[in-house]
Amino acid sequence: MYVGRDMTELSMLPKSEWGKEELAFFHHSLQQMVPYLNQEGQVIHREIVEEIVNRGGLNSQNM
């Protein structure tokens with residue numbers, strides 16, 4: 001179970017400052033809600049995915 005900063009706090013930080021657990025948790029959560037996300041939610045999810053890709057993926061030791 002994820003125990004960490006909530007989206008309110010994280011939304012004030014660039015995705016590059018998010019931890020790998022935060023990226024993974026919110027990616028998974030938003031991925032399950034994709035059909036229901038408004039445009040802002042879709043942008044947030046896309047930015048999370050882009051940061052994960054930039055770090056080499058979720059299974060990468062670089063994260």
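Here the structure is a predicted model, which is why all the values come from computation and not from measurement.
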Is it possible for you to say whether Y2 and I52 belong to one hydrophobic cluster, with membership spreading through side-chain heavy-atom contacts below 4.5 Å? yes
Can you give me the closest heavy-atom contact between L10 and W18, atom names plus distance? O-NE1, 3.2 Å
What distance do E21 atom CD and L58 atom CG have between them, rounded to the nearest 0.5 Å? 11.0 Å
Could you go step by step and tell me if R46 and V43 meet the side-chain contact (heavy atoms from CB on, under 4.5 Å) rule? CA-CA 5 Å; R46 187 183 74 243; V43 169; 4.0 Å; yes
For R55 and E17, work out which heavy atoms get closest and say how close. NH2-N, 4.3 Å
Quick one: CE on M33 to CG on N38, what's the gap to the nearest 0.5 Å? 10.5 Å
Here the gap from M7 atom CE to I44 atom CD1, rounded to the nearest 0.5 Å, amounts to 5.5 Å
How far does OG of S16 sit from CD of E47, to the nearest 0.5 angstrom? 11.0 Å
Side-chain contact, heavy-atom cut-off 4.5 Å: L13 with R5? yes
Least distance between heavy atoms, F26 atom then D6 atom: CZ-C, 4.3 Å
So, does E22 use its side chain to make a donor-acceptor pair with the main chain of G19 at under 3.5 Å? yes
Quick check: is L30 connected to F25 through a chain of hydrophobic side chains (ILVMFWY, heavy atoms under 4.5 Å apart)? yes
Rounded distance [0.5 Å steps], CD1 in I48 versus NE2 in H28: 13.0 Å
Would you indicate whether E40, at its atom CD, is surrounded by more than 12 heavy atoms from other residues, nucleotides or ligands within a distance under 6.0 Å? no
To the nearest 0.5 Å, atom NE2 of H27 lies from atom CD of E51 at 13.0 Å
